[in-house]
Structures are given as structure tokens and as C-alpha cells.
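Accompanying notes for the structure given below.
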There are 4 protein chains.
Amino acid sequence: MAMQRNRKLMAAPHSTTTHAPAPRWERRKEARPTELLSAALDLFVEKGYAATRLDDVAAQAGVSKGTLYLYYVNKEELFKAVVRQNIVPLVEHSEKLADEFEGDSAMLLRLLVQGWWERFINTRLSGISKLMISESGNFPELARFYHDEVIQRAHALMASVLERGMARGEFRYVDVRSTVQVLHAPVVMLSLWRNSFDLCCAKTLDAQAYLNSYVDLALSGLSNFDYVDRPPGKNS
Amino acid sequence: MAMQRNRKLMAAPHSTTTHAPAPRWERRKEARPTELLSAALDLFVEKGYAATRLDDVAAQAGVSKGTLYLYYVNKEELFKAVVRQNIVPLVEHSEKLADEFEGDSAMLLRLLVQGWWERFINTRLSGISKLMISESGNFPELARFYHDEVIQRAHALMASVLERGMARGEFRYVDVRSTVQVLHAPVVMLSLWRNSFDLCCAKTLDAQAYLNSYVDLALSGLSNFDYVDRPPGKNS
Amino acid sequence: MAMQRNRKLMAAPHSTTTHAPAPRWERRKEARPTELLSAALDLFVEKGYAATRLDDVAAQAGVSKGTLYLYYVNKEELFKAVVRQNIVPLVEHSEKLADEFEGDSAMLLRLLVQGWWERFINTRLSGISKLMISESGNFPELARFYHDEVIQRAHALMASVLERGMARGEFRYVDVRSTVQVLHAPVVMLSLWRNSFDLCCAKTLDAQAYLNSYVDLALSGLSNFDYVDRPPGKNS
Amino acid sequence: MAMQRNRKLMAAPHSTTTHAPAPRWERRKEARPTELLSAALDLFVEKGYAATRLDDVAAQAGVSKGTLYLYYVNKEELFKAVVRQNIVPLVEHSEKLADEFEGDSAMLLRLLVQGWWERFINTRLSGISKLMISESGNFPELARFYHDEVIQRAHALMASVLERGMARGEFRYVDVRSTVQVLHAPVVMLSLWRNSFDLCCAKTLDAQAYLNSYVDLALSGLSNFDYVDRPPGKNS
DNA sequence: AATGAATGAGTGTTCATTCAT
DNA sequence: TATGAATGAACACTCATTCAT
């Protein structure tokens, strides 16, 4: 599915020409969409949708502005492609991780958070969170797409973790749907923060401490009875 | 003043009134800033800074574009005024509430959240959260202002609650700084959500359930030992 | 593909020409600056800086307003380019002429004036004098540039003529600096006049007579003793 | 005559009201046009017509912008009033001086130049020269008015001086019309210079030396035979 | 495929002018 | 008379988009 989407995004460039001598150095050509998307991601994240000039995107990708239009019919589609391309792969890793994990649910949560940190929050990708929130009003279909393909899946994933924990007696009973939303909030906020106030204000947020407190608070909030999220063996 | 407005409405065609000849404009110097700010808040929140046209702001405030410039020297200052005017009063109410409260800390937290919901989240003011995050890159000084005058004070407030609870033995020991940040995240996220995905996607978030789970999770996460945040009388 | 494009063009109603289908615009990168500068000179001279609309400049140059901005970053720079481009070459011709001249100084003065008439005064370039005087207050740096690159050099040139004449005994002794300024005035004024009152008032100034009287007066004013500027051979 | 003109300029403010109680402190009211004209002169001279804002004129005159419109129907009329009011009185003094003078014509010329210096060039009034040249294209009627009422009369005056000198044998024969124009040029240029380059460039023009050279050059250029304009008694 | 010159609709801002008070 | 709030036409400048090459 992801592949299909990708193919669609790449604006099929008249690829039926017969006499193309199949040069061995076409890598450039094939890399174009990626380079453009990468440049666009940088700039959209840095400046926001409206303030990003296609001139700059093209320049940063090392092509002319006209070339950009060979691959994306307009700014809007470029923006959507940026979001789609970068977002979809994100979720899958986590899903696989959760699927295969066999330890206790607290540890699973820890691992997931760790993965999000490494693959998203601590990455320029986290800027997409800000973009989506900022532009959801102007790109409702895109927001819907993001909601369905990313947020919902992430929520579903965390819901499965919660239910797993509850089923195994590790977590107390909670209302899954809303608890998932609450538990997600600090992760998303961290992404937003690093792409907003962290950039203009004296660094006031220590990400590691934040995440530690987050996991600590979440797990103790979820803990069953006297179950406390301490390293195994330390429970009374 | 209300009457004046009425007069205006009655001036609609076939107005049989003999005097009050439908002035081209009304002189309402004192009311203007408020009206303009209100219109601007609506539009900035709805469309974002760049996509908001001053024509529309003026039109929605019922004045011409030129009039807008009598009160705000440019779009940027209008934006700043919107943020400043609406924000600062918010914090003060909470601070007072916390100052005067004498019950247990869990209840204090509940009250605060309740107040935020009523006065901010469930209000168009919550759009300012989105604005500040979206535009922090383009208005760093404003972001700094917001950070210092709003976020920091809100954090300080919550820190005082935490410390109060820890001092009274109601809350377990936590790292205050980072815990405060984590605990704030779901509140802010709720504001953001209601100004982004809630508007374009099928309502998937039940705010009441969300806040309940939030408080529940937070309090159980903070609870000391066997201390559990249950309705009074059920504590052992 | 090219055919497809053509098809589109031929869809134009009643177009009987089969080829050369009147392109929406022409690509004339090298010619543009010249055309724009020429149009701008016309309009600046005719209407003054403020009253000249860039729309009109572009239209007169046969391009769109956007194109103008491809070549000049703003109105001010366009104005400066107009002045710079047209002015400097002017001075050089005179300097060369004076350098190479070997006859008597009166004749040199006549030749210079003749040259100024042909290459400047009797040309739309003379409008630049008016421009510089009119806009010196608003473009002080440009005025300084003009003063240094044009006026000072012209003054220096005329000073050299005076000193040459004094050295050769043709001219009486005068205070060079101020005499130069006085002698320049009628030349500049003629330029100004032709770009101001001559355009709105019944032609009251006969340029040839004016220049004749000017040279006559200047030379007799400068003449040494009984030296009178009469055709050679008539000197006693 | 001047009074008549003046009355016209002052835009007769509903002066037929009968019940005006003739307050003794109406000086203010009557001074308004003068104050406005004075402020306008300052600003027009300093900034030029287009760049002068009526806000500023009103402010500098100490009235509101609306008041300005009680006296002048629009910016254009204000501009014309400024020119007219300041210009007309100028010529008359010179005319009277020339009429009554009885000495030799060289001395008359000296006196006239002296008067122009004191009453015009060395005054903010000289800015009007720049204004008229700058705006002649946009205000042709005004230019025509200025040409007829000022320039022509000044030329006529100087023509009479020339003819007087020629009739008395003090000046050689010259073509009066064009010589007058040439002789006027340095005087006007001095005015222009002081309102343009003198303001932005290092003072390079010594007005006294300039005027001395001017008179010296003019008189020696006009001198009859061996007549040289030196202090009496020094002629050979 | 790629270019980049050209376009023109769109918007922030200014300011002369109006008019109810 | 005098005020100053309000107007709206005008204009400089931007930038996404087009298209001949």
C-alpha cells in the first residue's frame, strides 16, 4: 500500500519514451523526487507552509523551479507528498515491534517510547507534527489522511499495549480510548516543543528527563494494585 | 450602544425612519480595538497567520481596511495584540485559585483542570495555543513573551501544586520540573486537538472522558504508596 | 508532446495563422534591462519619481510588472540604474575631447558646449538633471553619486579649460572654482528648462540663441584685456 | 494688487456669517491660512510634493487634518497656494528698486543680485524654484502661472536693466532676450543647488564667491569696449 | 527531462479625502 | 469652525504557476 501511494506521488514522468538509451547514471533523475521532498521537508518544517517559497525548495534540491513542477503539480501536492512520504513509514516499525515483543508490558512501553524518540522526536520528522497541527485547517483532507494513517494507528498500537497489560494483569483497568489519547499527548507535545519554543527560548526542556518522567508517571498511573513499575525483583 | 446597532439594522432598505440617515460609518473609537481583536482572533485561529487577510479581519469587524491601520500599525502588531490581550488574564485566575485553596492537592488539581477547561480549552481562546506553536518560528520574540508570561507561569503554578502535594504527603516524590512539563502536555494537546483534527475529522475525542482519564492517570501516577485518589472516605 | 501543445494553441478562436502562434511572451533576457531602463527614463522624466507607476514602466517596456522585478529589486534600484546607466558615459566623451584638443581655449569651450547640446541637452537624457535635483532629498546617496561622478567631473573638466586658457594668456585671471560653477549654471538650466517650462508654456526659449549668447557672454567675460573672442584674425 | 491675489488665495471661509460676535481673540483663526501655508512650504520644500503628507502639514501647523480642508479644497490647491502666496511678493521689490535707481547699470545689477540673495536665495523661499521645476509636469497650469508671474517679470526686469545699460553706453550690444535668460540661470541654479546637492554633499559651493564671480563675469561679459567692471578709478 | 524567463493575481500598506459630531 | 475617526482607491512588491526552448 505504501508503495502504491508512493508511485502515485511521483507524478509519472512520461516514462514511455522508447529511445531513452538507458544511461547508467540516471540515479540523479530517480533521486529527484527524494531530493525535492527532503528539501521541502526542511523548509516546511522551518518556515511553515505559507512562508516556504518554491524557489527555495528547488534551489535547496539543486534543481530549477520548473523541474519541481515536473514532479508535483503544485505547492499543495508537494506539501501533501512531504507529509505522506515521511509519515507512513513511521508507524510500521512500532507496530512490528509491539507485535513481536514478548516481555512485560511496561518494558514494551519503554521500548516504544525509546523508538519514537530515536526515529521521530529526535529527528527533523518531528516537525511534521507541528505542520499537521498548523495546517490542518487549510488542508483538511491531508489532516484526515494523517489522522487515519498515523494518529489512529498509533492510538491503536498503544491501545493494544494497554489491553495487553490489562489482560496480563500488569495494568489496572482504565478506559482505553481516552487513556490512550492522554498517554499520547506528552509524546506529541515533546515533538511540538522541540519545533517551537525550544528554538527561540533558552532551552528549558530536558528531553531525557521529560521522557523518564513521562514513562515513570504513565506506568505508575497504570500500575495495578501494589504493582509498581520498578525493576523486576524490587517489588515487595 | 446596543440601540445604535439596532438602528443600523433598521436602516435596511425601505427604512421609513425620517432621520438617522444611515451614516457611512459609525464612530466607535473605544469599541474598535476589541472588535478588531475579536475578528482577528477568529481568523488567525481559523486560517493561521499568513492565510488571514486583513481585508477579512476588517470586514468581519465591520470596518474598512484602513481603519484597522488606525489601531494596529501592521499585521504583525495585530497578531501580537491578539495574543497578548487574550492570554495574560488567563493565568491570573488559576494562580489566585491555587493560592487560596485549602483542601487536598488532588482536589486542587481537579479544580484547576476544570477551570482550564471552562475558561480556555472549551473556548476559542484555545486556538491561541495552536497559533503560538505554529508561528513561534516566525515570531520568536512573541514566542518568548508567551513562553515567559504564560507557559512559565503555568508551569510554576503546577510545580507549586506538586510540591504542595509532596509536602503534605499526598503525592510521592517526583522530579518536579519534568513532571510538570509532562503533566501539562495533555492539557495543551487537548486545546490543539480541538483546533485541528477535531475540526476536520469525525469527532473521535470525547473531551470529558479525556479529562477524566487525564486526572485519574495523573493522580494515580502521583499517588503516594497505597494512597489512591478515590472519592474521600474510600481511602484506607 | 509538442503537437499537443500546438493543438491547445490552435484552439484559439478564428486563428488563421497556422504557425508562429503569437507567444504570450518573448524571452529576451539580454534586451530587457535596456528596454526597462529606457521606459523608466521616459516616465521618471515625464512624471517624476513618485508619480511614476511601475505598472506603466513595465507596460511601456512591453512586459509585466513581475518581469520588472526580475531585473530590478525595487523601484529605488530601478531609479538608480536609470541614472547610473545614462550618466557616466556622458562625461567621458567630453573629457576625451578636452584632452585631445589643441586649438585655442575659446574654441575648446565652443566645442564642449556644442557636444553637450548634441549629446545631452537636446536629448531626453537632459531630464536626468531635473530628476537629480528633484529627488536629491529623497535619494541622498544617489545625489552624492551623481555629484561625485558627474558634476564634480564636469566641473573639473571646465576648470581645466579655464586654467588652460589662463595659462595660454587667452583668459584673464578668475577664481576658478566659483567661475566654473557660474559657467556651468546656464548649461544645466537649459536642460532643466527644456524639461519643465518648455513643456507647458509657449516656447519662449530659443536654445540656439541661448547657447550663442551664453558662449558669447562667457568668452567676453573671460577675455583677457583687449583680447576679444572674435573670429581669429580680427584680434588686434 | 497683491492684496487682491491674497484674498483669493485664502479660500474665503464663509465670511458672510452675520452673527459672528467679533471676538477679540480671533487672531488665531485669521492666522490659520498663514500657518498652514508656512508649514506646507517647509514640507513641500523639504520632501517634495508627493512625499509631503497632509497629516504632517496639519500637525506642523498645529491643527487637525480636517481643518486644513476648511481652507484648501485639496492637496493640489494647497500646493498652488503655497507657490502663489510666496512668489508674488517676491518680484515687486526688485521692480521698485530698478524703477527708482539712478546710478550706473553695473551697480544696479549688483544691487538686484544682492536683493535676490537676501530675500530669496538665502531664504527657504528658494525651495520654490526646485518645487516648480520638479512639479511643472504635474502642475502645468501652476507652472504657467509661475512662468508668467515670476519668471517673465524677472526677465522683463533684467531686460530693462540690460537695455538701460546699453542705452547709457555702459553695456555693449547683446541680444537681450537670450542674454537675459543666460544671466538669470546662475541665480536660479544657486537656489536649486542650495536646495539639492548642498544638503547631501559636503558643502562645495561658497555662495558669496559664487555670486561675486557671477557679477564679475556678467559685467565683464557685458562691458562695452575697454569698459571693465572694476571699482571706479581703477580703470586705465 | 530540465530550464528559467515571464506572468498576473493577490495582499499589505499608505494617505488624500470625507463627514458626523 | 474644528475635529479626527473612517474610508477606499491606489500602488509596490511577492510568488505560485506556466511555457517556449
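Only heavy atoms go into these numbers, but all of them, side chains included; no hydrogens, no water, no symmetry mates. Here is how names work: the chains are called A, B, and so on, in the same order as the sequence lines, proteins then strands, and each is numbered from 1.
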Would you call the rings of D/Tyr49 and D/Phe44 parallel, tilted or perpendicular if under 30° counts as parallel and over 60° as perpendicular?
parallel
Heavy-atom donor-acceptor pair, C/Thr67 side chain to C/Val63 backbone, under 3.5 Å
no
Using both distances under 3.5 Å as the test, list the Watson-Crick or G-U wobble partner of F/dT14, or none.
E/dA9
Atom pair distance, as rounded to whole Å: CG in A/Leu70 and P in E/dT3
9 Å
Select one nucleotide: of E/dT17, F/dT7, F/dA16, the one nearest the side-chain heavy atoms of D/Leu54.
E/dT17
Contact class for C/Tyr72 (heavy atom, under 4.0 Å): base, sugar-phosphate, or nothing?
nothing
Any N or O donor-acceptor pair under 3.5 Å from the base of E/dT13 to the side chain of B/Lys65?
yes
5' precedence on DNA chain F between C/Asp55 and B/Thr67 (nearest-nucleotide basis):
B/Thr67
To the nearest angstrom, the NZ-C1' distance between C/Lys75 and F/dT14 comes to 17 Å
OH of D/Tyr49 versus P of E/dC15: gap in Å, rounded?
13 Å
Which sits closer to the 5' end of DNA chain E, D/Val73 or B/Thr52, going by the nucleotide each is nearest to?
B/Thr52
Can you check the D/Arg53 CZ to E/dT13 P distance for me, whole Å?
15 Å
Any side-chain donor paired with an acceptor under 3.5 Å for A/Asn74 and A/Glu77?
no
Nucleotide E/dA16, atom P - distance to CZ of D/Phe79 in whole Å:
14 Å
What is the separation between atom OH on D/Tyr69 and atom P on F/dA6, rounded to the nearest whole Å?
18 Å
Can you tell which of E/dT3, F/dC11, F/dT17 lies closest to the side chain of A/Val63?
E/dT3
For the backbone of D/Ala59 and the side chain of D/Lys65, can you confirm whether one donor and one acceptor N or O come within less than 3.5 Å of each other?
no
Of B/Ala50 and C/Tyr71, whose closest DNA chain E nucleotide lies nearer the 5' terminus?
C/Tyr71
Go nucleotide by nucleotide along DNA chain F from the 5' end; which of D/Gly62 and B/Gly66 gets its closest nucleotide reached first?
D/Gly62
Just the rounded figure in Å: distance from C1' of F/dA12 to CG of C/Leu78.
12 Å
Would you mind reading off the distance between B/Leu36 atom CG and F/dA5 atom C1', rounded to a whole angstrom?
13 Å
For the side chain of C/Ser64, counting heavy atoms from C-beta on, which of F/dT17, E/dA5, E/dG8 is nearest?
E/dG8
Which nucleotide in the list E/dA2, F/dA6, E/dT17 gets nearest to the side chain of B/Arg32?
F/dA6
Reported CZ-to-CG distance for the pair A/Arg84 and A/Leu142, which is rounded to 0.5 angstrom
6.0 Å
Identified pairing partner of E/dT3, criterion: Watson-Crick or G-U wobble below 3.5 Å
F/dA20
